[in-house]
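Accompanying notes for the structure given below.
Position 1 is the first residue of the sequence, and the numbers go up from there.
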Amino acid sequence: MPWTMNTETYGEYNNEVQHVDWGFAYSATPPDAVDSYIIDDVEGEIPSDLSGVTFYKTGPGNFQRDGRQFEHVLDGDGFVIAIKFQEDGTAKYTGRFVETEYFLEEQTEDKIKYRNVFGTQRDGGVLANAFDLTLKNVANTNVLQWGERLYVFWEAGRPYEMNPDTLETLRSVTEDGPLKGLGGIDCKVRGITIDEGGPIDNIVNAGKSFTAHPHVEDDDTLIGFKIETNAQTKFMTLEFTEYDSKWNEQKSTSFSVKDSLPPHDFSVSKSYYSFFDNPYGEMDNLRYLIGLKAPTQIMQLALRQPTRVHVVPRTKGQDPVTVELDHSYFCIHLNGLSEEKDGKLYLYSTGWDLTDERFFPQSQDSAPFLGAWGGPYPDFTRGKVPPSLLYETVIDVEKGTVVSHEEVRPGIVIEFPTQEEDKPNMMYLALGAEEYTSLPSTGLCRINTETREMETWWADNKQFTHEVIPVKKQNGQSGSWLLTPIYDAGNRRTTIAILDSEDFSSGPVCRLNLKHHVTYGLHGSFARQSPSVISDSVPAL
């Protein structure tokens with residue numbers, strides 16, 4: 001099986017060799033990555049107008065305790081890096097684990113003390129896990145500085161605040177910003193309610209969770225949602241909340257739907273919040289309650305159930321609209337900002353086609369959610385990971401119908417969509433292959449969603465690509481600087497690459513080579529400056 005889009009670079013695809021390299025990308029972050037230093041191995045020149053910008057990236061970084069490997073990479077403890085572009089033209093690296101109370105306890109005892117969402121159970125077997133509903137907040141999914149405060153997000157729990165300069169986790173926090181309305185800081189059971197904040201919720205210490213994908217609309221508008229599912233009525237409620245640049249709540253809108261699970265991502269347009277309601281089948285909750293399985297291990301994908309899309313008005317007084325696709329589709333990520341044109345809503349998402357017989361047998365009504373991938377890294381060698389494709393979904397909101405749902409570039413395997421600030425039609429994605437071949441990302445692509453034209457750039461051999469963060473150029477220049485990590489198995493390190501959106505296919509204009517590697521991550525962001533920590537927060541020891 002060839003690397004179908006870059007055989008000139010890689011030659012013929014070699015499962016054994018390439019997957020040794022891919023496995024390295026997911027190896028644990030080494031001790032020397034917990035550090036702060038000026039990056040002295042720089043290829044090319046750092047663009048001067050990046051001065052004052054800090055690039056943040058997070059993902060799982062630790063995968064074992066006392067020699068016991070975690071069951072899934074997404075159970076890994078969160079690790080954050082910051083690349084600060086300084087006035088003297090240098091770049092400073094800082095990396096630290098998110099020191100949640102769970103992380104500190106397990107680190108101190110070198111023992112798995114908590115249950116995890118993706119399969120890792122606490123030490124002690126079934127009896128130690130039975131009826132324990134506390135899930136470890138791994139704080140490993142997203143990181144964002146907003147309102148002079150830096151938060152790390154994980155969608156099944158509360159956000160954690162960090163010092164934006166030193167990345168120290170703050171242990172004295174105020175229940176404002178994204179923490180407001182989530183319940184007490186010490187709530188251990190999140191995203192579930194039994195009696196809407198009543199005595200039973202108080203007994204089990206239940207509270208709401210916060211999305212891992214808040215979206216910035218403009219300099220004074222950030223939008224996220226709080227999550228709560230009623231265990232008795234089965235209604236899931238998302239409270240969409242808009243914040244100004246100081247984390248003050250400006251307005252909120254609640255939307256409830258029965259027998260659904262919270263979305264991983266959503267999109268914002270001028271008039272609507274939108275998300276895909278992925279099709280899940282019946283879950284064997286008893287196996288979770290008695291300690292046999294983790295939450296995602298009891299999840300089933302419903303292969304014969306059409307996927308719904310919910311469109312929630314941002315203005316009160318309008319009714320939400322729900323539409324159905326004509327088949328099953330699993331949405332992973334959405335473009336943060338979507339467009340409305342000619343009375344229609346245009347959504348761009350990456351996800352799995354659940355009618356793909358290679359990965360989802362159509363003779364069955366459902367398939368295990370984690371049947372797709374698991375273990376120390378996503379395994380592409382045995383056909384376990386479905387290809388992630390980019391789709392355009394057009395909705396006529398007034399008529400309540402789906403106009404179309406189709407691939408933007410048929411067969412192109414891509415993930416982690418991001419957009420340019422002033423050109424939301426220009427999308428950047430990590431690129432794997434063509435012809436529906438599911439492979440790790442080794443290239444990047446830029447797609448104009450209006451014309452569907454695509455430009456590509458491929459990394460060198462043994463290098464793996466990831467999410468691109470566009471930073472608008474300053475001083476009247478057009479375009480954006482594109483910041484992205486490259487996981488370099490050949491040199492056993494991670495490189496922060498800087499590309500020019502105006503000359504995308506030429507590749508990086510600058511490479512910042514770290515002294516070590518950091519684990520293949522999840523999501524990132526940038527801040528135009530790195531302010532001092534707010535006065536009422538105290539760094540963790």
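With respect to the salt-bridge test (charged N to carboxylate O, under 4.0 angstrom), the residues R190 and E228 do not qualify. D176 and R149 are joined by a salt bridge, as a carboxylate oxygen and a charged side-chain nitrogen come within less than 4.0 angstrom of each other. We find that K226 and E249 are joined by a salt bridge, their nearest charged nitrogen and carboxylate oxygen being less than 4.0 Å apart. We find that K473 and D500 are joined by a salt bridge, their nearest charged nitrogen and carboxylate oxygen being less than 4.0 Å apart. For R314 and E242, the salt-bridge test passes: some basic side-chain N is under 4.0 Å from an acidic carboxylate O. Taking a cutoff of 4.0 Å between a charged side-chain nitrogen and a carboxylate oxygen, E398 and K344 do not qualify as a salt bridge.
In the model, E340 has a side-chain atom that pairs as donor or acceptor with a side-chain atom of S271 under 3.5 Å.
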Can you give each donor-acceptor pair under 3.5 Å made by side-chain atoms of residues 444-451, sequence neighbours left out, with the distance rounded to 0.1 Å?
residue : atom : partner : partner atom : Å
R446    : NE   : E455    : OE2          : 3.1
R446    : NH1  : E420    : OE2          : 3.3
R446    : NH1  : Y428    : OH           : 2.6
R446    : NH1  : S501    : O            : 3.0
N448    : OD1  : N425    : ND2          : 3.1
N448    : OD1  : E450    : N            : 2.9
N448    : OD1  : T451    : N            : 3.3
T449    : OG1  : N425    : O            : 3.2
T451    : OG1  : E453    : N            : 3.3
T451    : OG1  : E453    : OE1          : 3.2

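For D219, there are no side-chain hydrogen bond (donor to acceptor under 3.5 Å, both in side chains) partners, not counting sequence neighbours. Listed by chain and residue number, H264 satisfy the side-chain hydrogen bond (donor to acceptor under 3.5 Å, both in side chains) test with E155 (two or more places apart in sequence, or in another chain).
Not less than 6.0 angstrom separates the ring centroid of Y160 from the ring centroid of Y151. Separation of the Y56 and F526 ring centroids does not fall under the 6.0 Å cut-off.
The aromatic rings of F275 and F240 lie tilted to each other, with the angle between the two planes from 30° to 60°. Between H310 and F255, the two ring planes are tilted [angle within 30° to 60°].
Across every non-hydrogen atom of N137 and A139, the tightest pair is OD1-N, 3.0 Å.
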